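The next block holds one structure in the form of structure tokens; read it before the comments.
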Amino acid sequence: MTKIVAVTGNEAVANAFRQIEPDVCAAYPITPQTELMQRFAAFVSNGQVRTEMILVESEHSALSACVGAAAAGGRVATATSSQGLALMWEILFIASGLRLPIVMPVVNRALSAPINIHCDHSDAMGARDSGWIQLWSENAQEAYDNTIQAFRIAEDMNIRLPVMVCYDGFIISHSIERIEYLEDEIVKNFVGEYKPLYPLLDVENPKSYGPLILTDLYHEVRKAHSEVYKRVPKVVLEVAKEFEKISGRKYELFENYRLDDAEIGIVILNSAAGTTKDVIDEYRERGVKVGLLKPRLYRPFPYEEVANALKNLKAVCVLDRADAFGGSFGPLYLDIAASLCNFSQKPILINRIYGLGGRDFMPEHAAEVIEELKDIAQTGKIIKLKEYIGVRE
Amino acid sequence: MATPINLKELSKQEVRFTAGHRLCAGCAAPIVVKMVLLAACDYPVVVASSTGCLEVSSCISTYTAWKVPWIHNAFENAAATLSGVESMYRALKKRGKIDKDIKFIAICGDGGSYDIGFQSLSGAMERGHDMLYVCYDNGAYMNTGIQRSGATPTFADTTTCPAGVVIPGKPQQRKDLTRIMAAHGLPYVAQASPSHWPDLMKKVRKAIEISGPKFINIFTPCNRGWRSRTDDAIMLSRLAVETCFWPLYEVEEGITRITVKPRDKRPIVEFLKAQGRFKHLFEPGKEKMIEQLQEMIDKNWERLLKEEEMTSPKDEGNE
């Protein structure tokens, strides 16, 4: 039977970890991830899980230890935020290059400088091309559900790649929400027994991990590696289908919210999507045909499916909670623009940067964007292609 | 029963680091690796290496010189990586998925240990993982082309502190990593040299039988970087010990013991003159610099003798 609780996002993900019981878990404190690992450490201390915790001296070592533990041949998890993820950057590519199924919640937080502990997406966006699968989560329920599904996706024998589960720092990690927990046994059966692949601890069949490969074969190795990502969306959908059977909750590559007959639309990630959906409902009541697309599988990005969902709209605003400095657009905007660029029929696209360093995204911000999209749809004119919203004057 | 450390018995053991690796002719690193793995011959081992000469030369494309499970992650994280492997081993043992007695050994260069990997090493040792960390110390970043490291001896000529008109080689003192590791309060820390192979192998043997974190620093001549003859590696190792540049000692549970005391301590000049990296010290007017090095070595040796005396267990009955 499902259990309904009121918990924070971090607590929900810690509970998913307890139910999954990874063999090894490395942890280093960083706000706002800290509460997740503290809660999990308490499960370890109280004997509720048999996980070996490695309480490392940095995030660099946290992920390095996870690489060793995953290569050794067992289920591995860690978690981080912001500067911690930035410090891991070098090892992110090694974890994916070695095809190690590590699961890592990333509790999204702004990057320094100036130092700021609150939410934006600069951290995970900086790691979006590191070869990790990224699942993004609107609320605590999705963070919990995505964490459980992440182990199945990462460990799939056709994939064997590390997965980040992203959810918004403080807004989700520290807010108490209503959550439906699955039963322990159901989660355990869902993730199943870990299946090792070329484990280092098989001393009878020694394997070498981490070879030097130069100009003769590196190019071919990377080409072969790129092929693996084509298999990811199918597995993500298969896992989601099975998850629906145990939870009743449906997950896809992205959420399509009132988009089918829409003329204008918003593309937005994570918690701000919830606020936006409320505002869309209000506009719909007034007869405005507006919809929303919320990416879930952000890496590998389902370009074709996203393009098909958006190509018939008249105007779309991509809202980015991270900027790409140097005159470029927000990272999500670039992906949406790339999805649509080869279609002859496509919406006019604008890019708005919101919510950096924890600045609240309010319903009026969503309304402001919808009003602007209405004008663009009507006149076909763009006043500003890229702009910050919610800036204090 | 443990395999005795003698040539007759050891020669019957499988060599777990094979020929065909691409380390330079005259490099002492493969000698050290073979000695370490032979000393551990009674156990299955898993080895981790940091990026460096040994790593780039031992596992290239589809070839590997390692007949034991081996992992290379990055430059600065071999200790953290191996701590992950060792933790997984304990986790799987606890769940009854593995029953073998496996030993974990990191083998890394001085750059990956003294400098960039120092934090990772210190952290793994502090956490108490059951592993042996071996540093093969050749005193510079040899893989990238002989750049100075924290282990480079004072006045040595390297490509980033070349002996010039104004700066005469590396101006600073080398970092004493062995003492720093001893200060971590580890159950076993030692310094060894391939010239004294029974001593080296006994130390490795002792270390792997002790549970917890262990550290051994092994002197490893590099003929390319030291500008010495291809066949001088063992001769130079011996000179390093006999001049007390590289004393052979161990610190076991806080007790320091010098394992090889040179009968006649030889002057450092004998060690220096066999290496091109110290050639500039023999130019006229540089005599003071050699004297300075001799003073540093004498001071360290005296300190070590005192440490041995100070920590040696006293016979309580004679008080």
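The model shown is predicted, which means the values in this text are computed figures rather than measured ones.
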| query | Does the side chain of A/V76 reach to within under 4.5 Å of the side chain of B/M88, using non-hydrogen atoms? | reply | yes
| task | Tell me, out of A/A62, A/G74, A/S208, A/P211, who's got the most heavy-atom pairs with chain B below 4.5 Å. | result | A/S208
| Considering all heavy atoms, the nearest A/P206-B/V68 contact | CB-C, 3.5 Å
| note | For residues 92-122 of chain B against chain A, heavy atoms under 4.5 Å, the residues are B/L92, B/K94, B/R95, B/K97, B/I98, B/K100, B/I102, B/F104, B/Q119, B/S120
| message | Let's test your reading of the structure: which of A/A69, A/A26, A/A72 forms the most heavy-atom pairs below 4.5 Å with chain B? | response | A/A69
| field | chain B interface, residue from A/L55, A/L200, A/L214 that has the most non-hydrogen pairs under 4.5 Å | value | A/L200
| field | Exercise: identify the closest heavy-atom pair between B/P69 and A/D202 | value | CG-O, 4.4 Å
| With only heavy atoms counted, which part of B/V56 is less than 4.5 Å from chain A, the side chain, the backbone, both or neither? | both
| Checking A/P196 against chain B: side chain, backbone, both or neither under 4.5 Å from a heavy atom? | neither
| Least distance between heavy atoms, A/D23 atom then B/A91 atom | O-CB, 3.4 Å
| message | Please classify the contact of A/D216 with chain B as side chain, backbone, both or neither, using a heavy-atom distance under 4.5 Å. | response | side chain
| note | Whatever's closer than 4.5 Å to a heavy atom in chain B on A/L217 counts as side chain
| field | Which atoms of A/E220 approach chain B - backbone, side chain, both or neither, heavy atom under 4.5 Å | value | neither
